[in-house]
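Structure first, commentary second.
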There are 2 protein chains.
Amino acid sequence: MSRPPIDTREHLIAERKRREKLSQSFIALSAIIPGLKKMDKASILSDAINYMKQLQERVKKLEEEVAIRTVESVVIVKKSQVLAFDDIFSLDENSNHFEQQLPEIEARVLDKHVLLRIHYEKQKGCMTEILREIKKLNLSILNSSVLSFGSSILEMTIVAQMDVDFCMNIEDLVKSLHTSCVGLDEATPCILIANGNGSCSERRIGLDF
Amino acid sequence: MSRPPIDTREHLIAERKRREKLSQSFIALSAIIPGLKKMDKASILSDAINYMKQLQERVKKLEEEVAIRTVESVVIVKKSQVLAFDDIFSLDENSNHFEQQLPEIEARVLDKHVLLRIHYEKQKGCMTEILREIKKLNLSILNSSVLSFGSSILEMTIVAQMDVDFCMNIEDLVKSLHTSCVGLDEATPCILIANGNGSCSERRIGLDF
DNA sequence: GCCTACACGTGAGGC
DNA sequence: TGCCTCACGTGTAGG
């Protein structure tokens with residue numbers, strides 16, 4: 001009480017600065033809160049609290065989500081990497097559960113065209129068989145290619161046109177081709193996979209997936 | 001000026017309450033900020049601002065992460081069965097959400113060889129870009145084919161050999177190629193699928209998958 | 001002693 | 001007008 005006047009004035013100024021700083025902070029805080037209506041200090045604070053809690057929960061959930069998906073995706077990757085080893089195995093030994101896995105056949109349709117992709121083990125007469133089957137199905141081959149992959153696998157790609165009397169659905173098409181490739185083996189299960197491009201596609205999946 | 005004394009007193013009390021409320025809010029806010037050292041109002045506010053910004057960025061990053069992984073992960077089999085219907089649909093109508101979904105890239109590894117299959121929309125310079133990218137990745141092309149499917153789609157198949165200094169994993173390989181194809185678009189997620197034949201394979205999935 | 005941060009009561013302005 | 005919010009200057013307690 002009863003301070004020297006000089007002291008009082010400096011105090012006054014200091015307090016002014018402090019208040020100014022606080023006000024600025026309030027403004028800054030309000031600026032990063034979305035959907036803030038009332039700008040009074042009480043609202044800013046309580047909204048900040050609510051929003052911050054929301055953010056915290058969201059982060060928590062997202063982190064869990066990511067953790068889950070990370071595991072999922074790692075699992076997928078791992079499995080195939082594990083398979084890589086398995087692979088070496090089946091190559092080192094005379095591949096036993098190998099033929100079982102192939103062929104892999106994929107078919108897509110676009111207007112009157114069919115794109116066939118056949119991933120199969122090299123085998124005498126297999127290609128002839130496939131081509132004969134395609135012809136039998138009323139498909140005219142427009143273009144084709146066969147690439148060798150590794151020592152025993154062929155990747156065959158065919159673009160064909162459906163003739164007017166072609167009336168098969170994709171699934172049956174794939175099945176037919178499959179039996180042509182497999183020959184004596186029992187029909188191997190296929191699943192339809194998404195191409196995402198408006199066409200359909202069928203893919204055989206190994207059981208150890 | 002010169003208010004009735006009753007009014008003044010009520011004002012006084014109201015102001016007290018208001019201050020009390022604000023103080024409580026400050027405390028509540030400070031309570032949910034982790035690692036808060038100084039408890040003065042200025043610090044609470046500025047730390048709240050910083051922390052909130054951090055949270056916002058974290059949420060953003062996590063959301064992106066989740067978005068990617070969502071598409072990346074799983075659900076292959078189930079959804080594809082649903083797609084069988086969807087599929088018929090897109091055959092009846094002229095498939096519209098079409099270009100968005102491409103390219104689709106698949107890579108398989110067998111020993112030192114890579115089988116690449118790129119299903120993409122015809123686009124000027126795209127092929128050059130892909131080949132350049134492949135070369136850049138230390139892959140030597142052994143064999144390749146490009147088939148036209150429909151009016152605007154190309155099916156490119158490449159068998160390449162990994163050079164000695166090739167050290168990329170499949171995922172990154174696919175991603176690299178993808179960005180080459182997509183160009184300006186953001187990277188589109190891929191997933192690794194099981195081939196069951198000892199190789200690994202990565203497949204892009206459409207968003208409506 | 002100085003510095004910092006706060007709460008207080010009060011006057012003013014907005015709806 | 002009443003009610004609410006704010007900024008102000010001041011007193012003061014703790015470091």
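All heavy atoms count here, side chains included; hydrogens, waters and symmetry mates do not. Below, chains carry the letters A, B, ... as their sequence lines are ordered, and counting in each starts from 1.
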Q. What about H11(A), does its side chain sit under 3.5 Å from the base of dG9(D) through a donor-acceptor pair?
A.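 Per atom types, no contact qualifies.
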
Q) Does any N or O donor sit under 3.5 Å from an N or O acceptor when you compare the side chain of E15(B) with the base of dC6(D)? A)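 For E15(B), whose side chain was compared with the base of dC6(D), there is a donor-acceptor pair (under 3.5 Å).
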
Q | Side-chain N or O of R16(B) closer than 4.0 Å to phosphate OP1/OP2 of dG9(C) | A |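 Result: yes.
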
Q: Would you tell me if any nitrogen or oxygen in the side chain of R18(A) comes within less than 4.0 Å of OP1 or OP2 on dC6(C)?
A: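 Answer yes for this pair, as a side-chain N or O of R18(A) is under 4.0 Å from OP1 or OP2.
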
Mind calculating the distance between [atom1] ([X]) and [atom2] ([N]) to the nearest angstrom?
X	N	atom1	atom2	result
K17(B)	dG9(C)	NZ	P	15 Å
L12(B)	dG11(C)	CG	P	11 Å
I13(A)	dC8(D)	CD1	P	13 Å

Q | Secondary-structure string, 5' to 3', Watson-Crick or G-U under 3.5 Å, | for another-strand partners, for DNA chain C | A | .||||||||||||||

Pairing residues for [X] by the side chain to side chain donor-acceptor pair (under 3.5 Å) criterion, not counting sequence neighbours:
X	answer
R16(A)	none
K21(A)	none
R18(A)	E15(A)

Q.
Listing request: all salt bridge (charged side-chain N to carboxylate O under 4.0 Å, His left out) pairs with a residue in residues 140-159 of chain A, at least two apart in sequence or in separate chains.
A.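 Of all non-adjacent pairs touching residues 140-159 of chain A, those that pass salt bridge (charged side-chain N to carboxylate O under 4.0 Å, His left out) are R117(A)-E155(A).
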
Q. Under the salt bridge (charged side-chain N to carboxylate O under 4.0 Å, His left out) rule, what pairs show up with a residue in residues 129-143 of chain B, not counting sequence neighbours?
A.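 Every pair satisfying salt bridge (charged side-chain N to carboxylate O under 4.0 Å, His left out) with a residue in residues 129-143 of chain B: E129(B)-R132(B), E133(B)-K136(B).
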
Q. Are any of the side-chain heavy atoms of Q24(B) and I27(B) separated by less than 4.5 Å?
A.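 Side-chain contact under 4.5 Å: yes.
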
Q.
I need the residues from residues 19-52 of chain A with at least one non-hydrogen atom less than 4.0 Å from DNA chain D; give them sorted by number, or say none.
A.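 Heavy-atom cutoff 4.0 Å gives R19(A), S23(A), D40(A), K41(A).
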
Q: Please list all pairs passing the side chain to side chain donor-acceptor pair (under 3.5 Å) test where one or both residues lie in residues 34-48 of chain A, with sequence neighbours left out.
A: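 Qualifying pairs: D40(A)-S43(A).
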
Please table the atom pairs, donor to acceptor, closer than 3.5 Å between any side-chain atom in residues 158-165 of chain A and protein atoms at least two apart or in another chain.
| residue | atom | partner | partner atom | Å |
| --- | --- | --- | --- | --- |
| D163(A) | OD1 | S140(A) | OG | 2.8 |

